[in-house]
Number of protein chains: 2
Amino acid sequence: MRLAELSDASGVSVATLKYYLREGLLHPGAVVSRTQADYDDTHVERVRLVRALSEVGGLPLATIARVLEVITTPGKEWLEVLEAAQRTLLKPVSDKGFGGAEGRGRARAWVAKRGWFVDPEDPFLDELDRAWAASDAGGIGFDEERLNRYADHVEGIAEVDIDTVPTEPEAAIRQVIIGTILVDPVLAALRRLAQQHVSNSVAGHH
Amino acid sequence: MRLAELSDASGVSVATLKYYLREGLLHPGAVVSRTQADYDDTHVERVRLVRALSEVGGLPLATIARVLEVITTPGKEWLEVLEAAQRTLLKPVSDKGFGGAEGRGRARAWVAKRGWFVDPEDPFLDELDRAWAASDAGGIGFDEERLNRYADHVEGIAEVDIDTVPTEPEAAIRQVIIGTILVDPVLAALRRLAQQHVSNSVAGHH
DNA sequence: TGACATGGGATAGTAACGCTCTCCAAACTA
DNA sequence: TAGTTTGGAGAGCGTTACTATCCCATGTCA
């Protein structure tokens, strides 16, 4: 398959493919001659993955490059890779609150109270803090009780996530990382649809 | 409060505040003289809201401007506003799949099968299609059963959402729109923490 | 064998976004 | 009154994700 054919197969312009090659988002094809390279299905797959992570996952290309590196580096220890993946996925946190610095560390306290087994150094605790503070800034601050109600249901989601992780390590890493990113938008869309359903159901009963 | 003081109060630079004023993201202060304007708490709040929607919600400023317009336009019918809000929140869909156009419309079929009451024209059905297709492109495609398991839990989340909507229309609109945007990151962070908890719990039992 | 289109690599240019810097004259301040 | 500060307008900048141009070796057909 030549570059133009890869372009047709993936729906991405030749110019963009060249760009992805330069940026290391796409592995080079087999060099046939100095002006020709051969691409195969792995390239088509890769391009689709990159577009999915970019368009739906909303990740910047630089982050996608790191993600790809992690999931294509074989061997390595499970935990090591997952940790690297987590660090990779996190947007650099700007540490600034929204005018007031109150409420930092609420997430840790809440998680402890709830009895969740999570590393107290986990960066997603800071993410939760940030997101919680943002809700406050938006004037829709919520209390621990409401967070607990959310958490009840999210636990169920996480169980599905863990349930469906393949046993083979290579596939597992791929699933965990890509699944985490790409399933988020699915859940977001489901949430909006479910809101409509619930609200229509309630309305229908009155 | 002068602009410099608003800057101190909100943690946003004067230059950026000027920019927000130009872009209509921040309502003008009361003009005291040609070189002085008076800002108050509503301005501080507004700036924090803009930063929250931008930094945590990840919305582009142009979208934030539209959101603000919707939630600050009083009167209007409930449904009308919510509809406008939904349209506002959606990123312009590029309609392109990820190389293959297969699988379009799966979302509608699935929703019908599940018996959810949603408008068949709802753009979030397309969002769900896109996100589902992206998961396929990522090589972690899932079947309807897994989607059903997710949906069971998401319904619970939506119930919490609807439960906590205030009765007063003005506040309700604000809550629905801002809540939808800003709670997503909270749920995403919770999901990652819950994944860890579940996975640690399982590991602990073996 | 030669004319000529095509492919791939390198470089430069572009559009959108989100600020940030500079300048200005009016106005407050010592 | 001298000096600093303010708000407003405009241009400029850095990043991101492409896109367009140029070049020439190669493949292709006569």
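Letters A, B, ... mirror the listed sequences (proteins, then strands); counts begin at 1. Note: hydrogens, waters and symmetry copies are ignored here, and every other heavy atom, side chains too, is used.
Between B:Arg174 atom CZ and A:Ile140 atom CD1 the span is 8.5 Å, to the nearest 0.5 Å.
Among the nucleotides D:dG7, C:dG18, D:dA25, the one closest to any side-chain atom of B:Leu3 is D:dG7. The side chain of B:Gln36 lies closest to C:dC28, out of D:dA17, C:dC28, D:dT26. Of the listed nucleotides (C:dC28, D:dG7, D:dT26), D:dG7 has the atom at the smallest distance from the side chain of B:Lys18.
Rounded to whole angstrom, the span from the CG atom of A:Leu21 across to the P atom of D:dT19 amounts to 15 Å. In this entry the distance linking CZ of A:Arg2 with C1' of D:dG27 reads 9 Å, nearest Å. Residue A:Tyr19 contributes atom OH, which lies 17 Å from atom P of C:dG13 at whole-angstrom precision. In this structure, B:Tyr20 atom OH and D:dA9 atom C1' are separated by 19 Å, rounded to whole Å.
The shortest side-chain heavy-atom distance between A:Leu182 and B:Trp132 does not fall under the 4.5 Å cut-off. Contact check for B:His27 versus B:Thr42: side-chain heavy atoms found under the 4.5 Å cut-off.
In terms of phosphate contacts, B:Thr16 brings a side-chain nitrogen or oxygen within less than 4.0 Å of OP1 or OP2 of C:dT20. For D:dA25, the OP1/OP2 oxygens have no side-chain nitrogen or oxygen of A:Ser33 closer than 4.0 Å.
B:Arg22 comes within contact range of at least one nucleobase, with a heavy-atom separation under 4.0 Å. Among the protein residues, A:Ala15 comes within range of the nucleic acid bases, having at least one heavy atom under 4.0 Å from a base atom.
Under the side-chain contact (heavy atoms from CB on, under 4.5 Å) criterion, A:Arg149 pairs with A:Glu145, B:Val160, B:Asp163, sequence neighbours left out.
The base of D:dT5 has none of its N or O atoms less than 3.5 Å from a complementary donor or acceptor on the side chain of B:Arg34.
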